[in-house]
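Notes for the one structure printed next.
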Amino acid sequence: MRRRTIGLVAAVLVTAGAGSIGAQTPRDTTPTVIIAGKLFDSEAGTFVANREILVRGGRIVAVDAKVERPAGARIVDLSRQTVLPGLIDAHTHLLYLEGIGGGLTMEGIKALVNEGLPLRALHGAARARTFLDAGITTVRDLGNSGLFGDVALRDAIEDGSVDGPRLIPSGPGLSPIGGQFPGLTPGYENLAADEYRIVRGPEDAAEAVRENVTMGARVIKIFSNNTPNRGLLTVEEMRAIVESAKLHGVKVAAHSTSDAAVYRAALAGVHSIEHGYQIADSTLALMAKNGVTLTPTDLDSLSIIAYFELANPGQKADPAGVSAYLASGRDRLMRAVKAGVTITAGSDNYLDLRRPQGPSAKRVLHAYRSSGMTAAQVLQAATINDARLLGMENRIGVIKPGAEADIIAVDGDPERDFSAIDRIHFVMKGGIHYRGPGGR
């Protein structure tokens, strides 16, 4: 049944791509020389002036003050821009968009019953393009995509039927009964089972990993606590998931909002904590010791204001209230940095704030910056730190020989004016130009 679902969605996406597979995104084999006025070295966390990058066959061949210019090479002059590795968003939900005030249960069931998986995947494809346009060239998509709609979208992007960022799908999140649909009455629990993989005991938890990986998942999403429901995965269930994931060569991301949920997930050996709104210093110490990263899905002030004003038409957000709301998140983020916890960037951008999803998701980087992280630290979180979390170190999140040619450029200098990251001038993913000089 699930296999037929993936086939149906993939077929719809290919049809939407018009013509044959790959017709939308022909591979570009022309060598390209990019002239960078300033380049962000994500490994060192520094900006370097006057560099050139040679791209051939979708990969970076050389980075130097001066590189070879092969015959017939395309020259892309970005000498007035700052060049960065393609950004990475480690927490997205491309197939789910929630109306303000709708609530997870009603909006989630509406996505399942009224929108349906093929249409959700098509909507996801449209959102994916906005991420690419925003300079986000890789995303880790963590569920809320029905039964493997994210896998179908990944396949359509990879075969060139639609344009979008490189997508690392999780399939349905592994959850206690009810998923994140609070208020389901007895007899209707299966509604949640169409959006989440309900786990019942350690043995079933290990089997759930095997199922998801077999169906195409490349990361496992779990719910240490499945807020807003009250259910919890046990440490034994999470340990079984981690062991099975290790056997299958994938990592585990844990939705954890309370300190207790974060602690139990870190104790079980997960690779990343998602959200972590409440974390004690002792739990941060455990995370640092065990190498567990934190993906703070924080909202910046502009997003908070937009949310409030959409939820309360005709009212203006109180600046003091906005500051008070943001204060606790900022405190926990800087305590995590001080404790030596690696920060990975992820937006969890599932709310419909009436603007394109990609630029809206990128506001999370402004949240990190306003919390006290330096521009370089924020950009490392969204490049090399995320690449390591995804197990793709040296392949993405860096501009160096051998890496995928995921390269973007912005107008301005993010080190001096962080708002420059919103002024996207050029986007390349895997050597293909999507935006800016030489673009399609």
Side-chain angles (χ1 to χ4, degrees), residues 40-45 60 83-94 128 131-132 134-143 150 154 157 164-170 217-221 250-255 270-276 287-288 291-298 333 336-337 340-349 357-369 371 373-400 403-408 410 414 418 421 424 427-430:
F40 180 61
D41 180 344
S42 60
E43 291 180 307
I60 296 169
V83 173
L84 312 164
L87 301 177
I88 305 168
D89 189 330
H91 192 126
T92 67
H93 300 287
L94 293 183
F131 277 75
L132 195 58
I136 299 169
T137 55
T138 301
V139 301
R140 185 179 62 160
D141 206 61
L142 295 179
D150 52 350
R154 184 270 313 274
I157 291 172
R166 187 177 293 102
L167 194 154
I168 314 300
S170 72
R218 294 298 173 261
V219 63
I220 299 299
K221 164 76 175 293
V250 295
K251 296 189 176 185
V252 179
H255 168 105
V270 304
H271 298 89
S272 68
I273 296 295
E274 308 301 306
H275 316 301
M287 290 175 63
V292 180
T293 70
L294 174 64
T295 309
T297 55
D298 296 349
L333 176 55
V337 172
V341 174
T342 297
I343 304 301
T344 44
S347 65
D348 189 30
N349 188 51
Q357 297 309 110
S360 184
K362 203 163 61 174
R363 294 302 305 178
V364 74
L365 305 183
H366 291 276
Y368 300 163
R369 182 73 182 95
S371 291
M373 293 176 68
T374 67
Q377 286 175 325
V378 174
L379 292 174
Q380 283 184 307
T383 55
I384 193 165
N385 291 359
D386 273 352
R388 287 169 176 158
L389 174 62
L390 270 56
M392 301 176 76
E393 185 179 358
N394 297 319
R395 181 181 167 192
I396 61 173
V398 291
I399 297 178
K400 70 178 187 180
E404 298 274 355
D406 290 6
I407 300 168
I408 68 171
V410 300
F418 196 69
I421 67 166
I424 297 295
V427 176
M428 170 184 277
K429 186 196 83 174

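The figures here come from the full heavy-atom set of this structure, side chains too, leaving out hydrogens, waters and symmetry mates. Just so you know, these numbers come straight off a predicted model, no measurement behind them.
- Between the Thr293 side chain and the Ser272 main chain, no donor and acceptor come within less than 3.5 Å of each other.
- Rounded to the nearest 0.5 angstrom, Thr383 OG1 and Arg388 CZ are separated by 9.0 Å.
- Here the closest non-hydrogen pair linking Ala375 and Pro414 is CB-O, 3.6 Å.
- Looking at Tyr368, its side chain never comes within 3.5 Å of a backbone N or O of Leu333 through a donor-acceptor pair.
- Residues His366 and Val378 are not in side-chain contact: their nearest non-hydrogen atoms beyond the backbone lie 4.5 Å or more apart.
- From Leu132, atom CG reaches atom OG1 of Thr138 across 9.5 Å, with rounding to the nearest 0.5 Å.
- No side-chain heavy atom of Gln377 sits under 4.5 Å from any side-chain heavy atom of Ile343.
- To the nearest 0.5 Å, the span separating CD1 on Ile220 from CG on Leu142 amounts to 10.5 Å.
- Considering all non-hydrogen atoms of both residues, Gly45 and Ala376 come closest at O-CB, 3.4 Å.
- Across all their heavy atoms, Ala128 and Pro165 have their closest contact at O-CD, 3.1 Å.
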List the steps, then state whether side chain to side chain contact (heavy atoms under 4.5 Å, CB included) holds for Ile407 with Ile60. CA-CA 9 Å; Ile407 300 168; Ile60 296 169; 4.2 Å; yes
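- Salt-bridge check for Asp406 with Arg166: passed, with a basic side-chain N closer than 4.0 Å to an acidic carboxylate O.
- Between the Gln380 side chain and the Ser42 main chain, a donor and an acceptor come within less than 3.5 Å of each other.
- Of the possible polar contacts, none joining the Asp150 side chain to the Pro169 backbone as a donor-acceptor pair under 3.5 Å is found.
- Not a single donor-acceptor pair under 3.5 Å links the side chain of Asp348 to the backbone N or O of His91.
- Note that CZ of Arg395 and CG of Leu390 are 10.0 Å apart. Values are rounded to the nearest 0.5 Å.
- Taking the side chain as every heavy atom from C-beta outward, Pro85 and Ile399 approach each other to under 4.5 Å.
- The closest donor-acceptor contact from the side chain of His271 to the backbone of Ala253 lies at 3.5 Å or more, if one exists at all.
- Atom-to-atom distance recorded for Arg140:CZ and Ile168:CD1 is 9.5 Å, nearest 0.5 angstrom.
- Lys429 places no side-chain N or O within 3.5 Å of a backbone atom of Thr137 that could act as its donor or acceptor partner.
- Side-chain contact check for Leu87 versus Leu365: some heavy-atom pair is nearer than 4.5 Å.
- The closest side-chain donor-acceptor pair between Ser347 and Asp89 falls under 3.5 angstrom.
- Considering only heavy atoms from C-beta on, Val250 stays 4.5 Å or farther from Val219 through its side chain.
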Derivation of the side chain to side chain contact (heavy atoms under 4.5 Å, CB included) call for Leu379 and Ile421: CA-CA 10 Å; Leu379 292 174; Ile421 67 166; 4.3 Å; yes
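- Under the 4.5 Å side-chain criterion, counting only non-hydrogen atoms from C-beta, Leu94 is in contact with Val139.
- When side chains are defined from C-beta on, Ile273 does not count as touching Thr295, because their heavy atoms never get closer than 4.5 Å.
- Taking CD of Glu274 as the start and OG1 of Thr344 as the end, the distance is 6.5 Å to the nearest 0.5 Å.
- Using a 4.5 Å cut-off on side-chain heavy atoms (C-beta onward), Thr297 and Val364 make no contact.
- Using modelled atom types, one finds a donor on one side chain and an acceptor on the other under 3.5 Å when comparing Asn394 with Lys400.
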Please determine whether side chain to side chain contact (heavy atoms under 4.5 Å, CB included) holds for the pair Ile424 and Val410, giving the CA-CA distance in whole Å, both sets of side-chain angles, and the decisive distance to 0.1 Å. CA-CA 5 Å; Ile424 297 295; Val410 300; 3.8 Å; yes
